[in-house]
Amino acid sequence: MRRRRPQRGELNRRHRRRTDEHLALAVPPAPPERSRSPRSITTNVSHLANFEIAKTLAAFADLLEIAGENVHRSRAFRRAAETIRSHPESIAALRAENLLTTLPGVGAGIAVALEELVDTGSFTSLDQLAARYPLSLLDVLQIPGLGAKSVRRVFEELQVSDLDRLETAARTGKLATIRGLGPNVTASVLDSIAAIRRRSMLHRLGTVLPLAESVRESIQRQMPEAMVDLAGSVRRMEPLVTGIDLVIGHHDITRAVSAIRDLPDTARTINVEASSIRMLLQSGVELIALMVAPEHYGTELIHATGSAAHLAQLGDLPLANTEHDVYQRLGLPFIPPEVRSGGEELTRARAGDLDRLLTIDDLRGEFHCHSTWSDGSASIATMADAAAVRGYDFLAISDHSHGLGIAGGLDTTRLADQRREIDAVNQSSRLTVLAAAEVEVDRTGNLDFDDNTLSQLDIVVASLHVGLRQPRDQLTNRLISILENSHVDIVAHPSGRLLNQREGGDFDWDRVFAVAAKTGTALEINANPARLDLDPSLARQALDAGCVLSINCDAHRPEDFALMRYGVAMARKAWARPDQIVNCWPYARTSEWVADHRRR
DNA sequence: ATCCGCACGGATAAGTAGGACAGCCTACT
């Protein structure tokens, strides 16, 4: 068995720019505008929020890397940044109590930097380094294909210190004169700059929803008699969300305001109006709470939930205290927030389609997860137990194949060893453990295992992890050849996107879905909040084309099975019915389906 | 720079292929 590896909390190690989106909020009063986050790394000295401190440490770590200094020092700062980013209490408060070194990864050196940072808004070694390498280089470092070495080189040789100058250097052809950067890189740099400029400052749903729920519960605990609900993009379960929107139905606005101010992880108040309050949390997520009269609660909640397009379709809303009543008076059944997109939900609601929407209870198992045999952190038995606790009937263990070396992928020998362990676990397990693999598709479209090996697996999941930036035709043909391989049952995270971090591949989805529908190969909705791939709009297209889908958490730890709710939300947004999701079927039907398309 | 096992010095997450270039850098979970 491979040695256990430390888990990386976040896939992205570089700081990201954030932008904002206007929020469709309720009727009177007009909602406060969300402002842009400060562009500079450090801001207002005395009230630095944890996310700002974390961002500064991470920026320093990146500058160290660009400067070519000790990599371990850089990693130490990056590790400390991660700790602080997810730390629930205020770091500024910890500093006041001289407890900084109690944070894991914060020793004497980083503590000194932190003290200075909290007290003055910066620290000496950062200032010195930033004098040599401007902070705007960190934007350049975000460009895929440009690592620390290349960033330093373009800075020193071409004086490229920010994205604008990078763009100029690329357009004038100067960039291609740098060692290691040819015409290909130049072309993709221009695309990436455009993508980064388009990139939003939205947060991942998986980051915000748990926070939002804990805020909601905390306020509900303080005001048990109030109605408190999440609203906005979080309630609609958008893959990327603006922040936390909360509606509080209570007559005593003063109490509601103080309940919010007393929340444990707030960093600062942004503004307070007659019936709304806007706060910044330590995590950098904004909270907007709207205090409304209980008699109009339902109407206000629908308004605050949006979407704007859904509201436009509804027209004028009657005043009522529950959402159900509002919809009823409009002659509609209750419309779940996930499908309030301003698409076909009214038509579908009238046609009775809402009753057929998938729910989390429809899931009977999963086909894509990992164990310590590759890059998972738990044994097969532990993963199986966790799946059984969720009430699943089956779980396919799909560890990586050897092509993905970085994840400790299995060769055929270890795959056979693993099969024996799966068989053994099955003897005592409460659910059926299936032998599967997440088989790597290489750049030319070949799978890691031969047909004979594949045919012995209960489920074959195929994934593209490399070469996702190939041109459209090449990429599409590569995926289609995998769909046409009769041994492949499921294609995992088809687009390869990482939300807020990496665009998905440029596939011709019409062609892909047409082939998948014909071959009966399932496409995945990956429930990991970093992916949520297929996106609901693509999943919807796939279903319309006649494809079947599979929703999987891609769990690397037992806790990851809890991510299923995100996958289910995406499927609901795509109007998926249980009969279109292969892991909602009884396993007997699934194995028929597998046998069926393998017979082709 | 931090942590750990020991009291100062060694380890820190891994391994490979591809692109552009001629030995280096980056991306991938």
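Naming: A, B, ... by sequence-line order, numbering from 1 per chain.
Nearest nucleotide to the side chain of A/Ile110, out of B/dA1, B/dA27, B/dT29: B/dA1. Side-chain proximity of A/Ile406 to the nucleotides B/dT26, B/dA20, B/dG15 is greatest for B/dG15.
Nucleotide B/dG18 holds its C1' atom 14 Å from the CD atom of A/Glu440, rounded to whole Å. Atom C1' of nucleotide B/dT2 and atom CZ of A/Arg79 are separated by 6 Å, given to the nearest angstrom. Atom-to-atom, CG of A/Asn528 to C1' of B/dC28 comes out at 15 Å; the value is rounded to the nearest Å. Atom NZ of A/Lys149 is separated from atom P of B/dC25 by 4 Å (rounded to the nearest Å). Atom NE2 in A/His465 sits roughly 15 Å away from atom C1' in B/dG15 (whole-Å rounding). A straight line from CG of A/Asp560 to C1' of B/dT29 spans 13 Å, rounded to a whole angstrom.
Taking side-chain N and O atoms only, A/Ser374 has no distance below 4.0 Å to OP1 or OP2 of B/dT29. OP1 or OP2 of B/dC25 lies within a sub-4.0 Å distance of a side-chain N or O belonging to A/Arg153.
Residue contacts shown for A/His400 are limited to sugar-phosphate atoms, with no base heavy atom under 4.0 Å away. No contact: A/Ala80 has no heavy atom under 4.0 Å from any strand. At a threshold of 4.0 angstrom between heavy atoms, the contacts of A/Arg443 are confined to the sugar-phosphate backbone, with no base atom among them. Within the 4.0 angstrom heavy-atom criterion, only backbone atoms of the sugar-phosphate kind lie near A/Ile178; the bases stay farther away. Contact annotation for A/Val71: no contact, since no heavy-atom pair falls under 4.0 Å across all strands. As judged by a 4.0 angstrom heavy-atom cut-off over every strand, A/His72 is placed among the base-contacting residues. Residue contacts for A/Arg152: at a heavy-atom cut-off of 4.0 Å it reaches no nucleic acid atom on any strand shown.
A/Arg204 places a side-chain N or O within 3.5 Å of a backbone atom of A/Leu499 that can act as its donor or acceptor partner.
Within the 4.5 Å cutoff, the side chain of A/Leu209 has no heavy atoms near those of the A/Val241 side chain.
No salt bridge links A/Asp506 with A/Arg469; every basic N to acidic carboxylate O contact stays at or beyond 4.0 Å. The residues A/Asp162 and A/Arg165 are annotated as salt-bridged, a charged nitrogen and a carboxylate oxygen being separated by less than 4.0 angstrom.
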At a cut-off of 3.5 Å, list every protein nitrogen or oxygen paired with a nitrogen or oxygen from nucleotides 6-10 of chain B, distance to 0.1 Å.
none

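The side chain to side chain donor-acceptor pair (under 3.5 Å) test with A/Asn552 is passed by exactly one of A/Glu438, A/Glu524, A/His368: A/Glu524. Residue A/Trp373 forms a side chain to side chain donor-acceptor pair (under 3.5 Å) with just one option from A/Gln418, A/Glu421, A/His400, and that option is A/Glu421.
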What verdict does the salt bridge (charged side-chain N to carboxylate O under 4.0 Å, His left out) test give for A/Arg557 and A/Asp560, after you've listed the backbone C-alpha separation in whole Å, the side-chain angles of each residue and the deciding distance to 0.1 Å?
CA-CA 5 Å; A/Arg557 316 170 297 169; A/Asp560 287 347; 3.1 Å; yes
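In the region residues 467-482 of chain A, proximity to DNA chain B at under 4.0 angstrom, judged on heavy atoms, holds for none of the residues.
Across the interface with DNA chain B, nearest-nucleotide mapping of A/Gly107 and A/Ala176 shows A/Gly107 to be the residue nearer the 5′ end.
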